[in-house]
Amino acid sequence: MEKQKVLVRTLYRKLLRETRHIPPNASLTRLDLSVFDFPAHHGVEDRDTLLSAIRTAFRASNQGDGDFKERVQRAMKGLRSLHGLDFDSLPNKSITSDKQEDPSLISPIIPVTDPKQWLEKVRWLDPLSETKVTTDDVNNESLVEFPVFPLSGPLFPIDGKCLPIVSQFSDVPVAGMEIPLKIFEPRYRQMYNDLFSSRSSSSPSSGVRSPIPTLRKCFIVPFSHPYRSGQFAQYGWLYEIMQVQDVADETNGKFQLVCNHLVTKPVKIHCIVNPQDYEKRSTYLRAKATVLDDEQPSASDGLQPLDDLLRRLKYFHAKHPEKSVLLDRLLLALAEGSIWPVTQIWIWNLQMQILDLQVEISNTIQIQALKALKTQASTVELQRNVSEEIVLLAQAPHKETIGALNEPVSNMFGSSVVNHPHGNFTKLSCNKQLDEDPCLTPWSFKFGTDSVFSKTVEIPCGKCVVMNPQQKILELRGGLVIIGKLVIPDGVTVHIKTTGILVHGEFVMESSKAIDGTPDIRIEFLESPENMNFRLPPGEGPEDICGGKYGSCGIGRKPFVVAGGIIDFRGLPSPSMPTWVPLYDVDNSMDGWPVPSSEYAHHHPPPHGCRDDGILISHDLSEGSHPAFTGSFGSFWEWTPIGLKVSHRTHTQHCPVIDLKQVRHCIQPGATLLLTAKLILRQNGRVDQTDCAKGVGENNCMSIYHARMSANAVGRTSSFWKENRSFGSMLGEETTIALELNFTSQQRDDTNVYEILQIRGPGPGVDMELLEFTLRYPPREAFAADSKNVCKDLVQSNGDAELLGLSPYPFMSNNQETHLSIMHEEGGNHYFAVTGREFAVQKAGRGSGWRSAGISWSPPPSCVKTHTKYTFEADVRMHSFRMVDSEWKLKGFLLNTRNPVIETIAVCPRSKGTWVKCFGTYEPSKEMTEAERFQVVLETDTSSFDVDYDVDNISFKPTEGALDRLILPKSIENLWKPGAEVLLNSHSSDWGGHSVRTIVAVENHDQEGYVNLRLNEAISQPLTLGSHPYHATEVALLSRNIVIDGTNGAHLSILHTPGFTQVIQGVDFSRFGQQGVRDAYPIHFDYCAESANSVISKNTIRHSNQRCIVLDATNDVLVEGNVAFDNKGHCFVVETGTERGNVFKSNLGSYTREVETLMPQAGASGKESDKTPATFWIGSPSNYWIDNVASGSSAHGFWFELRESARGPHASDFDLRPSEMELIQFSGNIAHSTGKESLAITGYHPRTTAVIDTFKSFLTANGHFLVSTASNLAAHDTILDTALESNPFPMSGTRIVAVESENPGKPSLLEETELEDRGHATDPTDVFNLQPGAGISQ
């Protein structure tokens, strides 16, 4: 049967190919096409309608209409009919002129255009990394919660005017389709288990009727953004599970489940409930959503109503009769009363178009390949031709169609993002008087107060515009073209979103505030059409500079291009501000850890006129009567030698009463008070459990009530405490009650007639005798002296149970069934007693935590830090006759996460009935420190959860302070501010061992000339100038006041603009570069020749997809003090091999990674080498490299990779041999923490000796030097941390200073040569001499 289907498919494809030989304008209306003998041949007028009829027959054959023989005959008849036609003799179609169509009725289907435009038409949820889930979202009972399984799915447009979009990103399932899925990820296996094990198939507990019958078998499939990780479309489909099959054994574990699903209904997602779980991949996502009505969607839902669609289809049918076959099928599907059959027909139509194109292009490629095979001797050459020339040739006739149905051809192969001009750009003649413009024209005067511009915004030639818009966010969808001059002055705050920027005139930006992590100026690149272009105004520059007379220059997507213009960006508070410094030292003392006041309890002095010690009432009733204590109304009470006795009780309210009249002015509403009471319950001399302890009636249990009468004579009572059975009260023995309480403003009102406390008793017949009573505020000693001392001990006070008499404050019981009290031993020692744990086990179903039920407390979250060691101690005694294992645990509760993080902080020796000491050292994990709340508990082994215990002498102290305070030079003070991000380079052989932190505070340090930089999170022990003066870690400032976000693709190119002064200072370039595309770099001086006054200074380049700063056929540029972090490919680059006189000084590159996709080879100069990246890649040695640092490269720190000739698109313009050029200066450079050799030199044979001067290399994973096919090299005064087996070239003055040396300040000499002072930072303690030189303004 399969062979028969293949035969039919082959015949129909031949029929399609033959049909395409018919001229497109030939009329077929006069021909008798009934010989085709297949459905829908009526109404055929031209080639397109005949093709449509053939496709219809092809689909019918696939659906099995008729037997096999009939289908073959049908196709053969069609072929014979076409073979008999004389195509050249066919008449042309008559050309008719239609009136202009109503634009709102042009097409019922969304136009298929560029994929990026599809994505812009879709409503997207916020990225999960930016999603903030509120309690209202989670508790919204009108929404239904579903699991989420992100896949390719439908793209629903925003405006509700169209059907779901069809694109190459999506398989576009529609309602009624069955979809199989293969499941292998553990989190989605768990999702299926949860769906089938769910107890309920109804909607949430709110009672809202479920829109579908079986929620437990359904999940949402939203569309995942193809370019942005963790972002989903707001609309998706609901999949219902029909069948699940376990196939783990059949697939050898490759897949676990194969599941069939029915696509049921569209849904609108309102929020993702657990966004934090996306990156962890530990569990599946969940979403709150609304299920939409698929039978009649509304425009408000973002879908097209059926009646509106029907009107549009009929209109389209009347205007385009040649599309009758497709439209008839669409209208027939519409009659079913649902939008989704219509969608399915349309998808089918597009898929057939794509199939036809693929067949035709594939056949053309095969023909061209066979022709090439006859002329190409090399298989490699043939493969290259097939993959480039032949594919392009085969696609050429279908370029427009392919552009509509798939990615553009230009994206299929690596190419240059910029079409290199033929010549140089010069200053526009219309701008010659630009300097005379006083620059007073405000943005709003020229462009109004709009915030969104759909067309290109152009600054006119000869005019200067000052940007101070009323709208702080400007969206320039058509791009920004600066022909005149645009100024964003100091102090202006603006966020510009644009598809591209082109500068022919001048672009000036300035911000001089201290750097605090909040930029004044932010430019963000939007998605742009492929290959944006520009053309010079007539009469400006060479006519053919971009090819042809006034041809356009292609500048790629997301371009920032300067062509004959000037940029002047200055974003620093001071030109002399250091952008990175070596780490002088760290402050790891435990003093002064900042703790927000909300995280710990504070001492509140009693009101004026009250006792300073906070005691309101404290009386040992054995000392005699006290006016505050009486018996209740109707009770018999008397004073005895030991206390106040209430006897002959007939009701629970016959009890001791404490009158608050004399102290109520000292009670502050909301303040914590401690109440303790000791009493004896007596009944006929018995010593036994009370009825409450036996579980005989709740009315037999004690309680504490507050009773009051308002000025209106209205009585009120409030309960402060109720005895549980687990309390275990006894007859004939002392009973202690201890609790924390606070009064409300209603309970504590000066106008009340009276306010009393009642210690209500058990049932009738039990006498109560109150022995001691205390009501007080916690004393000053129960709190930290100030915020700087809170973290000295995470047990804030009373760890020995001696501070507060009978009160265990600040400790508490973490389970309502367990009881925490203070007991004392002979000799007077007090300790904490935990009872009632057996009841916690019995009632475990009421809540979690019963395994560790008992004593607990909550340390302040700010006191639990990473990279900090703690010591925990406590004495424990188990009430058991068998051995019990126990451990102290720390629980961390994360936001929106059900299960806490639990880590052991101390282990107790096995014990039974005797005191043992628990001890442990503990360092919290990163996950633990992210918790918003903590709890310390004691957990016993699985067989001892019901064992009561005693605890004493609890201590939980940091012993090695968190390294979250850096000691840095005072030169950063008032320049680096809280909120800014800093980078700490790797201080180990791990090339990825860097840290990024945020500044919390900049404080004075005790030592003159230094400041304390406090970080938001601790770091591991670094190398400092104090401990390792030759290997100190570098600290760099990442934040800047001007941020340009390339959104993964923007590129800044100074294009063929020699002789202009460009200043790029203090800018944060983030997410720039297009991997695999030549010339798409964050900062690129492209063929700018002599640029003696241009400066690239103190910028940040981070998260680049391809390279950092590239000088290409450009000379005499100063590249100074820049910080590059987390970039792919070579970073600081001189590319062509012709560059001269450029100065790379005091730049820092960190975490340089390899690319996944190499750029295509440039000419005959060899392949690119960015898969083996170097932080500093040197293609031309005739430049300066002074005091630069390469830290954390996956390969090399510095690499001289010299070629025999110039390379790149400009190579033919130069007759030079880079491999023989002179090295001007290479001195004071440092490379450490590299994955390969820190310095590589390949292919270099200079005519004069090239000297590597005062180079420092340490903590490398694969040695210090790689020298291959090189000669005439030498090194002076090199400092290494390990000795070389042999010298790769002549070396003098080499010193070995081991990083782990006990005294690194005294290096050992391999050669008896003094370390010379060569006029730069050879003194490792000179932290101010790392970035010398005049600032920009000087």
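As a basis for the values below, the full set of heavy atoms in this structure was taken, side chains included, without hydrogen atoms, waters or symmetry mates.
Each of Glu510, Met509, Arg570 was compared with Asp490 under the side chain to side chain contact (heavy atoms under 4.5 Å, CB included) criterion, and only Glu510 meets it. Tested against Arg1040, the residues Thr579, Asp1068, Thr1100 include a single side-chain hydrogen bond (donor to acceptor under 3.5 Å, both in side chains) partner, Thr1100. Asp964 pairs with exactly one of Arg1014, Lys865, His867 by the side-chain hydrogen bond (donor to acceptor under 3.5 Å, both in side chains) rule, that one being Lys865.
Between Pro779 and Asp613 the shortest side-chain heavy-atom distance does not fall below 4.5 Å. Between Ile972 and Val1011, some side-chain heavy-atom pair lies under the 4.5 Å cut-off. At least one side-chain heavy atom of Ser862 sits under 4.5 Å from a side-chain heavy atom of Pro596. Looking at Asn1012 and Leu966, their side chains never come closer than 4.5 Å, going by heavy atoms from C-beta outward. Within the 4.5 Å cutoff, the side chain of Asn1099 has no heavy atoms near those of the Phe569 side chain. Looking only at side-chain heavy atoms (C-beta outward), Pro861 and Arg933 stay at 4.5 Å or farther from each other. Annotation: side chain of Cys863 is in contact with side chain of Val790 (closest heavy-atom distance under 4.5 Å). The side-chain heavy atoms of Glu981 and Arg1102, taken from C-beta on, include a pair separated by under 4.5 Å.
Residues Leu1013 and Leu968 share a closest heavy-atom pair of CD2-CD1, 3.5 Å. Of all heavy-atom pairs spanning Val937 and Gln935, the tightest one is CG1-OE1, 3.5 Å. Annotation for Pro606 and Arg611: closest pair CG-O, 3.2 Å, computed over non-hydrogen atoms. Smallest separation of non-hydrogen atoms from Phe783 and Ala601: CD2-O, 3.4 Å. Across all non-hydrogen atoms, the minimal contact from Leu1025 to Pro582 is CD1-CG, 4.0 Å. In plain terms, the two heavy atoms of Arg997 and Leu984 that are nearest each other are CG-CD1, 4.5 Å.
A ring-centre distance under 6.0 Å is not found for Tyr1030 and Phe1258. In this structure, Tyr922 has its ring center no closer than 6.0 Å to that of Phe872.
Checking Thr866 against Thr929 by side-chain atom types alone, no donor-acceptor pair falls below 3.5 Å. Using modelled atom types and a 3.5 Å distance limit, the side chains of Thr1282 and His1264 yield a donor-acceptor pair. Using modelled atom types and a 3.5 Å distance limit, the side chains of Ser925 and Glu927 yield no donor-acceptor pair. Judged purely by distance below 3.5 Å, without hydrogens or angles, the side chains of Asn1041 and Asp520 never pair a donor atom with an acceptor atom.
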Step-by-step side-chain contact (heavy atoms from CB on, under 4.5 Å) determination, Glu1120 to Val1143: CA-CA 8 Å; Glu1120 180 185 25; Val1143 178; over 6 Å; no
Test log, rule side-chain contact (heavy atoms from CB on, under 4.5 Å), inputs Ser1257 and Leu1239: CA-CA 8 Å; Ser1257 171; Leu1239 173 61; over 6 Å; no
Full working for side-chain contact (heavy atoms from CB on, under 4.5 Å) between Phe1198 and Asn1188: CA-CA 10 Å; Phe1198 297 81; Asn1188 300 287; 4.2 Å; yes
Test log, rule side-chain contact (heavy atoms from CB on, under 4.5 Å), inputs Lys957 and Thr871: CA-CA 5 Å; Lys957 298 180 179 180; Thr871 298; 5.5 Å; no
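With sequence neighbours excluded, the residues forming a side-chain contact (heavy atoms from CB on, under 4.5 Å) with Arg1153 are Trp991, Asp1126, Lys1128, Tyr1151, listed by chain and number. Residues satisfying the side-chain contact (heavy atoms from CB on, under 4.5 Å) test with Thr1234, not counting sequence neighbours, are Ser1193, Ser1238, Thr1260.
Counting non-hydrogen atoms of neighbouring residues, nucleotides and ligands closer than 6.0 angstrom, the NE2 atom of His602 exceeds 12 such neighbours.
Although no hydrogens or angles enter the test, the distance criterion places no donor-acceptor pair under 3.5 Å between the side chain of Trp888 and the main chain of Glu873. A donor-acceptor contact shorter than 3.5 Å is absent between the side chain of Asp1253 and the backbone of Phe1226. Not a single donor-acceptor pair under 3.5 Å links the side chain of Ser511 to the backbone N or O of Gly571. Remark: the backbone N or O of Arg965 is not paired with any side-chain donor or acceptor of Asp587 at under 3.5 angstrom. The backbone N or O of Gly1026 sits nowhere less than 3.5 Å from a side-chain atom of His1028 that would complete a donor-acceptor pair. When atom types are taken as modelled, the side chain of Asn1147 and the backbone of Gly1121 share a donor-acceptor pair closer than 3.5 angstrom. No donor-acceptor pair closer than 3.5 Å links the side chain of Asn953 to the backbone N or O of Asp875.
Note that the CG atom of Asn985 and the NE2 atom of His994 stand 9.0 Å from one another [nearest 0.5 Å]. We find the CD1-OG1 distance between Ile1296 and Thr1278 to be 9.0 Å, quoted to the nearest 0.5 Å. For the atom pair NE2 (His1031) and CD1 (Ile1230), the distance works out to 9.5 Å, reported to the nearest 0.5 Å.
Classification of Lys926 and Glu1017 as a salt-bridged pair holds, one side-chain N sitting under 4.0 Å from a carboxylate O.
Using bins of under 30°, 30° to 60° and over 60° for the plane-to-plane angle, the ring pair Trp1185/Phe1144 lands in the parallel bin. A perpendicular orientation is assigned to the rings of Trp857 and Phe956, their planes being inclined by more than 60° (bins at 30° and 60°).
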